[in-house]
Number of protein chains: 2
Amino acid sequence: MPPSTSRSIPKPTGLECRMAVLGTDVRLTPHRREVFEVLQGTNDHPTATDIFDRVKTRSPGISLATVYNCLDHLTSAGLIKQVHLERGQSRYCANLHEHVHFHCETCGKVIDAHPAAEFDPAKFWNLPKGTKITRMDIAIHGTCEACSSK
Amino acid sequence: MPPSTSRSIPKPTGLECRMAVLGTDVRLTPHRREVFEVLQGTNDHPTATDIFDRVKTRSPGISLATVYNCLDHLTSAGLIKQVHLERGQSRYCANLHEHVHFHCETCGKVIDAHPAAEFDPAKFWNLPKGTKITRMDIAIHGTCEACSSK
DNA sequence: TTTTAGAATTAGAATGATTCTAAAATATTG
DNA sequence: CAATATTTTAGAATCATTCTAATTCTAAAA
């Protein structure tokens, strides 16, 4: 599911284009665009090295450092999100719709689950007075259909 | 806040003792007990190396590998929890009461927030049919009181 | 008790993930 | 077009975690 809320600011001169949803404005260089497109074209929550391998098929010269660099810029621009489910590699996700992550502890698959009802965290937990919420990461761990029916 | 729900099974012979809440039963060896006690005595969500440094003041000979080993055993026994908030080191937490983590993006502090109302994730998100939930990790990111009043 | 098998612990090496560095390439601004 | 800033790169460095193999410890069996 591609984001529908992104605001794009094309620049008339050159090949450049800038995009940001929230966060910092980001220059969409060719590499950044490719990393972003690879991520938009999948829903399997790839790691940095997964993305590196996939982008290499289009831009064989790209380096892993550049992939990390692009992922960090896209993240601070709010175009993608980092996902932290387990010890080890971070995963990335270009689904900007409100959703949570279901993580199968047996096969490792990560599935996006979208809202069924309005959800306000402040109703359910006593957050300290004066805290400002910017975002929320919800990970639900368990066993997926396929794994539990084995 | 120390857990109140833990079930302890002291063994009459020897110095041994076993404990488990859910998960696998774990032998509470001296090192495991120390790692557990260090974690129970704090609410600052230390990393493995933080814990290593603190346990070293009581058991100078302990190795980092043993700390990781203890943390893994205590985690699979359900006595502690791993917390994944950011890229980088995992954090650990001995608070077994139902709670979520508030993470200040400015100072890095992690604060436990306890329930104000009953919360059922299945009411709020469309999880795929047939998935079985075993646990849930909720991280709320933002700015803490101290940081936002600067 | 001794024996024994299994589990825990260790130091250090190995691996894996990420970040850093400095130079080269590319883009933007004046 | 020249000057300046940003991006990209390869490779090194660092950090986090896991592995390995030898050793020590524990608990159960004899």
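Order of the sequence lines fixes the chain letters, A, B, ..., with proteins taken first and strands second; residue numbering starts at 1 for each chain.
- Across A/Arg58, A/Arg54, A/Arg32, a single residue satisfies salt bridge (Lys or Arg N to Asp or Glu O under 4.0 Å) together with A/Glu37, and that is A/Arg58.
- Consecutive Watson-Crick or G-U pairing (both distances under 3.5 Å) extending over three or more pairs maps onto DNA chain D as C:1-30 with D:1-30.
- For A/His114 and A/His99, the side-chain atoms include no donor-acceptor pair closer than 3.5 Å.
- Between the CD1 atom of A/Ile51 and the C1' atom of C/dT18 there is a distance of 14 Å, rounded to whole Å.
- Between the C1' atom of D/dC25 and the CG atom of B/Leu28 lies a distance of 16 Å, rounded to the nearest Å.
- Checking B/Asp72 against B/Thr75 by side-chain atom types alone, no donor-acceptor pair falls below 3.5 Å.
- One atom, CG of A/Leu71, and another, P of C/dA17, lie 14 Å apart when rounded to the nearest Å.
- DNA chain C is contacted by A/Gln89, A/Ser90 of residues 84-93 of chain A, taking any non-hydrogen atom closer than 4.0 Å.
- The phosphate of D/dT18 (OP1 or OP2) has no side-chain N or O of B/Tyr68 nearer than 4.0 angstrom.
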Output one line per pair: protein atom, nucleotide atom from nucleotides 9-13 of chain C, and distance, for all N/O pairs under 3.5 Å.
| unit_1 | atom_1 | unit_2 | atom_2 | d |
| --- | --- | --- | --- | --- |
| C/dT9 | OP1 | B/Thr29 | OG1 | 2.9 |
| C/dT9 | O3' | B/His31 | NE2 | 3.4 |
| C/dT10 | OP1 | B/His31 | NE2 | 2.9 |
| C/dT10 | OP1 | B/Gly61 | O | 3.4 |
| C/dT10 | OP2 | B/Ser63 | N | 3.4 |
| C/dT10 | OP2 | B/Thr66 | OG1 | 2.3 |

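- Applying the ring pair (Phe, Tyr, Trp, His ring centres under 6.0 Å) test to pairs two or more places apart or on separate chains, none has a residue in residues 74-95 of chain B.
- Side chains of B/Glu34 and B/Ser59: a donor on one and an acceptor on the other come within 3.5 Å.
- Heavy atoms of other residues, nucleotides or ligands lying less than 6.0 angstrom from NZ of A/Lys56 number more than 12.
- Here the straight-line distance linking atom CG of B/Leu39 with atom CG of B/Leu79 works out to 10.5 Å at 0.5 Å rounding.
- Sequence neighbours left out, the pairs with a member in residues 120-139 of chain B that pass ring pair (Phe, Tyr, Trp, His ring centres under 6.0 Å) are A/Phe119-B/Phe124, A/Phe119-B/Trp125, A/Phe124-B/Phe124, B/Phe119-B/Phe124.
- Pairs of residues two or more places apart, or lying in two chains, never qualify as salt bridge (Lys or Arg N to Asp or Glu O under 4.0 Å) while including a residue from residues 108-129 of chain A.
- When atom types are taken as modelled, the side chain of A/Asn69 and the backbone of A/Thr66 share no donor-acceptor pair closer than 3.5 angstrom.
- Atom P of nucleotide D/dT18 and atom CZ of B/Phe52 are separated by 16 Å, given to the nearest angstrom.
- In this structure, B/Ile133 and B/Leu127 have side chains that are in contact, with non-hydrogen atoms separated by less than 4.5 Å.
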